[in-house]
Amino acid sequence: MTIHNQEIADRLERAADLLEIGGSDAFRVRAYRQAAQTVSGLAQSLADQVENGADLNELPDIGQNMAEKIATIARTGELPQLDELEETLPAQLSELMQLSGLGPKRVKALHQDLGIDNLDDLKQAVDQQRVRQLEGFGRKTEETIAEHLARRQGQETRTRLMEAEEVADTLARDLDGIEGVQQLTVAGSFRRRKETVGDLDILVTAEEGSAVMERFTGHEEVREIVSQGETRSTVVLRSGLQVDLRLMPEAAYGAALHYFTGSKAHNIAVRRMGVERGLKINEYGVFRDDERIAGRTEEEVYASVDLPYIEPVLREHQGEIEAAQQDRLPQLIELDAIRGDLHCHTRASDGHESPRAMAEAGAERGYAYLAITDHTQNLTVAGGLDEARLREQIERIDRLNDELGGRITVLKSAEVDILADGSLDLPDSILEQLDLCVCSIHDKLDRSREQQTERVLRAMDNPNFSILGHPRGRLIGKRDPYDLDLERVLAGAAERGCFLEVNAQPKRLDLSDADCRLAKEMGVKVAISTDAHSSTNLDYIRFGVDQARRGWLEADDVINTRSLEALRTLLKR
DNA sequence: GCCGTTTTCGGCCCGACTGTTTTCAGTCG
């Protein structure tokens, strides 16, 4: 059985929790957490790497000891140190740590003094008002625990970026209108454009802050005020999304922006560099002794530790600091580099508009080309095209191109189903008349890793195969990716001259950021496409570009930054 | 547990807010 990276990360995280509850050295605990984060951010299978004798010690902040622990988990699924910990402390104490307001000290007290081993025990103790009797706890703390216990019932805590963006835009507009507000930025993982965000961090500079704070905590969307201070308040919106507002002096804007954009691991690394240079870096600036020497802009903060500016999308402590030091940060792809969209649907299958409407919308966005990729016959629920209907579609697009007079070129294409045996669901005789084929898996998602990988590789053997659509098949927060050996798929794509898609649908974002990085490392270019089902969906492209940027991709790594001629050349296999 | 232009030992990011306290510990980001 192959151990997945996430399973390795989970074990390290659990070990960190139990070590912390047991009162272990805080820096050792941090090392485990940092390792867990690094591991979960990798697209390559660590189990495979370990098998191939890779040196995990080369990963950032993973030393010899941690590398051995990871290798042990990867090989055996077990971590002896974790087993030992679980002999002295119940494993489920780790779950208590997830509860907001409960940290290691309180969990330890709950366990030692009240014999609480798990969430059920805790619920019972809260109901019997036994928690408030503990030293250091009180009525209020017990009530907070009760609330969080009630709320966590089946609730997914992370919000997809697009939904977060709607909320952020509304709040930002309302707060930005207040007199005296100078600058307002939504920072945090939102600014780093993570595919999901846990909360929103809004950073404001203003001459007079109290009006902003009042407007914020009194906003009609607010369900609950978690905390409220002069410079920082936290609320929960009716949607369940938590929002923090921080008020900062103008002169500290850059330092605050850096601080609140995170990631935490990135910040710690930067501050550590500050310490090495005798500097103290916090949200108010960069200080030597008590003198502020920088902080108005983020550039100043980075410059104080001899680094160039690092884009927010890269600040995940996944090697960006080392890259910056060595002057090899990527020139990240920009939205305006996109010359066309290579995946969209029309009324011919499950889209909502005509090919013409989609083409016009593409032209309005300045695109040189747009591929119409309606579903094919295997996907009956979407009204997939059979051979005859695809032939009609081809003729329709030929006529449409004549009518458009070169304002935009509509590419003849289809989103072709990859059948379980790896064959495509329309004959080559029709597929070879298309400009390109986006090929996707839509059924039999539960096949084994070996079967699914073979299925894709066999499909790529077909010379008409151009781009693997939504390669992982995941739906964020709803459906796990199907089991696929992405490294083998990428190697296969590299050999055969195929491409992988970065599907820009906010619910998909598939490839992921880590997958993009792996694709680049393995020399496979991607297409960033929206999978639009209506003309407005074409705007989703920005989510795809953000994901690609998080994956360190440059314009050259993305085929639809090419001119039509250059694209046609790339598509020839 | 990690790491090295001060170091192979001895450091390790830093401040705000809350609740339970009578000056601070715990938690969070």
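Per chain, numbering begins at 1; letters A, B, ... match sequence-line order.
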Separation of [X] atom [atom1] from [N] atom [atom2], in whole Å?
| X | N | atom1 | atom2 | value |
| --- | --- | --- | --- | --- |
| A/Ile225 | B/dC17 | CD1 | P | 14 Å |
| A/Leu12 | B/dG1 | CG | P | 12 Å |
| A/Glu143 | B/dG19 | CD | P | 10 Å |
| A/Gln325 | B/dC3 | CD | P | 13 Å |
| A/Gln133 | B/dT20 | CD | P | 13 Å |
| A/Ile70 | B/dC2 | CD1 | P | 9 Å |
| A/Ile62 | B/dC3 | CD1 | P | 9 Å |
| A/Met273 | B/dC14 | CE | C1' | 18 Å |

Requested in this report: Select from A/Ile268 and A/Gly229 the residue whose nearest nucleotide in DNA chain B is closer to the 5' end of that strand.
Outcome: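 It is A/Ile268, whose closest nucleotide lies nearer the 5' terminus.
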
Requested in this report: Please tell me which of A/Asn57 and A/Thr144 maps to the more 5' nucleotide of DNA chain B, matching each residue to the nucleotide holding its nearest heavy atom.
Outcome: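 It is A/Asn57, whose closest nucleotide lies nearer the 5' terminus.
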
Rounded to whole angstrom, note down the [atom1] distance from [N] over to [M].
| N | M | atom1 | result |
| --- | --- | --- | --- |
| B/dG10 | B/dG15 | C1' | 25 Å |
| B/dG1 | B/dT5 | P | 23 Å |
| B/dT6 | B/dC12 | P | 15 Å |
| B/dT21 | B/dT27 | P | 14 Å |
| B/dG26 | B/dT22 | P | 13 Å |
| B/dT8 | B/dC3 | C1' | 9 Å |
| B/dC9 | B/dC14 | C1' | 24 Å |
| B/dT23 | B/dG29 | C1' | 24 Å |

Look at the side chain of [X] and decide which nucleotide, out of [options], has an atom nearest to it.
| X | options | value |
| --- | --- | --- |
| A/Lys140 | B/dG19, B/dC17, B/dG1 | B/dG19 |
| A/Asp25 | B/dG19, B/dG15, B/dC12 | B/dC12 |
| A/Phe27 | B/dT18, B/dC17, B/dG1 | B/dG1 |

Report task. Establish, yes or no, whether the cationic atom of A/Arg30 lies under 6.0 Å from the six-membered ring centre of A/Tyr32 and within 45° of the ring axis. Result ->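 A/Arg30 over A/Tyr32 ring: no.
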
Requested in this report: Give every residue pair that meets the side-chain hydrogen bond (donor to acceptor under 3.5 Å, both in side chains) criterion with at least one member in residues 104-122 of chain A, sequence neighbours excluded.
Outcome: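 Every pair satisfying side-chain hydrogen bond (donor to acceptor under 3.5 Å, both in side chains) with a residue in residues 104-122 of chain A: A/His111-A/Asp117.
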
Charged N to carboxylate O below 4.0 Å: is that the case for [X] and [Y]?
| X | Y | answer |
| --- | --- | --- |
| A/Arg272 | A/Asp61 | yes |
| A/Arg191 | A/Glu311 | no |
| A/Glu163 | A/Arg160 | yes |
| A/Glu316 | A/Arg550 | yes |
| A/Glu143 | A/Arg139 | yes |

Query - B/dG4 pairs with, by Watson-Crick or G-U criteria that keep both distances under 3.5 Å - result: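 Paired with B/dC9.
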
**Report entry** For A/Leu93, the option from A/Asp17, A/Leu18, A/Leu122 that meets side-chain contact (heavy atoms from CB on, under 4.5 Å)
**Finding:**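 Running side-chain contact (heavy atoms from CB on, under 4.5 Å) over A/Asp17, A/Leu18, A/Leu122 with A/Leu93 returns exactly one hit, A/Leu18.
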
Pick base, sugar-phosphate or nothing for [X], based on heavy-atom distances below 4.0 Å to the nucleic acid.
| X | result |
| --- | --- |
| A/Ser233 | nothing |
| A/Gln34 | nothing |
| A/Arg30 | base |
| A/Glu230 | sugar-phosphate |

**Report entry** Sequence-distant partners of A/Gln44, side chain to side chain donor-acceptor pair (under 3.5 Å), two or more places apart
**Finding:**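 So A/Gln44 forms a side chain to side chain donor-acceptor pair (under 3.5 Å) with A/Glu521.
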
Report task. Ignoring backbone atoms, test whether A/Thr141 places a side-chain nitrogen or oxygen under 4.0 Å from the OP1 or OP2 oxygen of B/dT20. Result ->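 It does, given that an N or O in the side chain of A/Thr141 lies less than 4.0 Å from OP1 or OP2 of B/dT20.
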
Query raised in the report: Looking only at side-chain N and O atoms, does A/Asn282 come under 4.0 Å of OP1 or OP2 in B/dG15?
Result: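 Yes.
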
Tabulate protein N/O versus nucleotide N/O from nucleotides 27-29 of chain B, keeping only pairs under 3.5 Å, one per line.
from, atom 1, to, atom 2, distance (Å)
B/dT27, OP1, A/Gly103, N, 2.7
B/dT27, OP1, A/Gly103, O, 3.1
B/dT27, OP1, A/Arg106, N, 2.9
B/dT27, OP2, A/Lys105, N, 3.2
B/dT27, O5', A/Gly103, N, 3.4
B/dC28, OP1, A/Gly101, N, 2.4
B/dG29, O3', A/Arg246, NH2, 3.3
B/dG29, N7, A/Lys264, NZ, 3.2
B/dG29, N2, A/Tyr259, OH, 2.4

